[in-house]
Amino acid sequence: MHPPSRQDYVSISFAGQGSEGYNNSKQWRRQSCWRVSISLSPPVFTVLWFPTTPTVLLFPAILANISVEKKILWIWRGAVIDTERATEGIKDEENNDQKAKSSKESETSRLEAVQAAFRHAWKGYKNFAWGHDELRPLSKSYSEWFGLGLTLIDALDTMWILGLKEEFEEAKAWVATELTFNKNVDVNLFESTIRILGGLLSTHHLTGDTMFLDKAKDIGSRLMSAFNTPSKIPYSDVNIGKGTAHPPRWTSDSTVAEVTSIQLEFRELARLTQEPHYQDAVAEVMKQVHKLDGKLDGLVPMFINTNNGQFTHQGIYTLGARADSYYEYLLKQWIQGGKKENQLLEDYLQAIEGVKKNLLQKSSPNGLTFVGELSHGQFSPKMDHLVCFLPGTLALGAHNGLPADHMDLAKQLMETCYQMYVQMETGLSPEIVHFNMHQGSTRDIDVKLADRHNLLRPETVESLFYLYRFTKDRKYQDWGYEIFQNFNKYTKVSSGGYTSINNVRDPDYPSPRDKMESFFLGETLKYLYLLFSDDPNLISLDQYVFNTEAHPLPIWPSTA
Ligand code: DMJ
């Protein structure tokens with residue numbers, strides 16, 4: 001069959017579809033299984049295909065002799081051919097072509113804009129902070145946290161995904177020749193796992209280069225001393241040179257999110273090295289947390305004691321700092337392992353029910369759905385920007401077969417997270433907001449003085465990426481583009497780099513903090529790029545699961 005050209009379509013619909021008049025709304029067109037386009041060109045027979053009944057009919061060419069300018073109705077075996085709609089069909093096609101062209105152009109220009117932003121950030125890092133942890137773009141200097149080139153490692157797979165080959169090769173050379181973990185330095189177990197171990201593992205997968213895997217094994221094995229505790233709940237800090245670990249000076253507690261958000265990485269390390277002790281150590285933590293008293297409908301407290309393995313500071317429940325990625329990793333471990341580990345799924349589903357029951361409220365006057373906090377039975381309408389990972393996680397769950405109402409909630413929360421940006425004078429979200437709940441409020445969102453900073457965090461654009469991938473609703477791309485433009489407007493430093501700011505409410509003086517967090521390159525720009533791309537195979541969500549620092553790790557091949 002000849003491929004039909006645009007000019008020679010008519011549209012046909014079938015009588016008996018209901019007597020309500022002509023309805024050419026987009027929704028109708030999507031739902032209708034009967035409406036098809038037929039070719040008016042030779043050959044003599046044109047093929048008709050009806051999707052609901054897999055029937056292929058040969059359509060006599062005489063019927064194709066229709067002037068598409070006149071309104072003529074043809075009835076053939078119950079099919080009504082309306083040539084006026086044929087003209088509309090042509091216009092629709094032209095419009096669609098135009099739309100496709102302009103959306104391709106806008107895709108390309110947005111992708112290039114993110115590449116340019118990355119290059120600008122990299123310029124600052126390269127000139128003033130090369131091989132150090134974080135750029136201080138205003139003082140043209142750097143700050144050290146672990147002294148391990150954190151930004152460089154966090155950014156490796158971003159460069160690969162963005163196609164920045166030259167920058168990637170320079171960074172790879174540094175990793176190969178300069179990066180050493182044989183250093184007398186204390187690192188935080190969680191942060192170095194998600195940023196360094198996760199970054200090296202994902203770069204190994206994307207590039208196939210075993211140098212990254214060797215480095216991953218090196219840091220992974222050094223971090224294992226954290227698990228030498230009376231309870232097997234790991235300490236927060238490890239000296240990677242000495243192989244010793246300890247809790248923070250003031251407590252023997254670890255943070256719940258930290259000890260339960262290192263699993264994707266150590267499980268993957270175990271799989272690649274065939275050394276199960278990596279997986280066993282992190283699985284033990286999940287097993288213990290699963291059984292612990294002190295949860296509320298699946299919601300966990302924020303601290304856990306490394307001596308007795310019990311929750312401490314009980315009675316406070318949040319989806320924000322110190323608990324957030326516990327929920328994210330329940331779902332993602334289940335996906336990583338091929339959706340077989342039911343306990344993880346059960347804990348996740350129960351927790352989402354717990355969120356709905358205890359933490360979900362609506363604001364006034366506009367009824368934004370938000371996730372607040374609970375402190376000893378008292379509800380607080382406080383929401384960290386960190387909570388904005390949740391729409392993306394809920395959408396990922398729904399995509400993997402979890403209840404459809406998770407997707408509904410994801411969309412509602414996505415709108416709220418977007419509002420946390422647009423309602424600010426800079427169009428950038430603060431670190432923490434408080435929602436108004438009393439009737440008669442004039443605004444939905446309040447921000448306390450101490451909470452007005454923005455650290456270039458990724459969570460909202462991360463969720464926008466998931467929502468766009470799964471719904472294809474372009475509004476999510478447009479929201480992300482607005483946010484991206486505001487990062488450019490208020491946080492870009494002309495000599496190179498981007499800076500976190502102190503005050504999202506003052507567009508005249510947002511008050512730069514002089515720090516570019518490594519997750520701006522590791523996560524924020526990566527998720528923006530993926531959001532603006534229309535290629536669902538660019539890190540397919542059916543093949544990869546992102547760790548909590550946006551490093552994609554493979555979903556394990558099924559062994560069944
Ligand atoms: C990142 O290090 C990770 O996304 C973590 O889970 C939460 N905090 C930052 C980004 O905001």
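Read the numbers this way: they start at 1 and go in the same order the structure lists the ligands and their atoms. Here the structure is a predicted model, which is why all the values come from computation and not from measurement. In what follows, every heavy atom counts, from backbone to side chain, and hydrogens, waters and symmetry copies are set aside.
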Assess E462 for proximity to ligand 1: is some non-hydrogen atom of it under 4.0 Å away? no
Sort out for me which residue in Y125, F520, Y498, F487 forms a ring pair (Phe, Tyr, Trp, His ring centres under 6.0 Å) with H120. Y498
Should S325 be counted as touching ligand 1, given the test is an N or O pair under 3.5 Å? no
Pair E265, Y329: side-chain N/O donor-acceptor within cut-off below 3.5 Å: yes
I need the contact type for L455 against ligand 1. Using non-hydrogen atoms and a strict under-4.0 Å cut-off, is it side chain, backbone, both or neither? neither
Name the closest protein heavy atom to atom 6 (O) of ligand 1, giving the residue it belongs to and the distance to 0.1 Å. T548 OG1, 2.7 Å
Can a non-hydrogen atom of E459 be found less than 4.0 Å from any atom of ligand 1? yes
Would you call the rings of H399 and F470 parallel, tilted or perpendicular, taking 30° and 60° as the class edges? parallel
Run the numbers for me: atoms of ligand 1, each under 4.0 Å from some heavy atom of L386, listed by number. 7 (C), 8 (N), 11 (O)
Just which atoms of ligand 1 are under 4.0 Å from any heavy atom in P458? 10 (C), 11 (O)
Give the residue, atom name and distance (to 0.1 Å) of the protein heavy atom nearest atom 8 (N) of ligand 1. R457 NH1, 3.6 Å
Is the distance between the ring centroids of F212 and H205 under 6.0 Å? no
E549, any N or O under 3.5 Å of ligand 1 N or O: yes
With a 6.0 Å cut-off (strictly less than), is the heavy-atom count around CZ of R222, excluding the residue itself, greater than 12? yes
Step through it carefully: locate the ring centre of F370, locate the ring centre of H434, and say whether they are under 6.0 Å apart. no
With backbone taken as N, CA, C and O and side chain as the heavy atoms from C-beta onward, which portion of E523 lies under 4.0 Å from ligand 1: side chain, backbone, both, or neither? side chain
Residues, nucleotides or ligands: over 12 heavy atoms within 6.0 Å of F128 CZ: yes
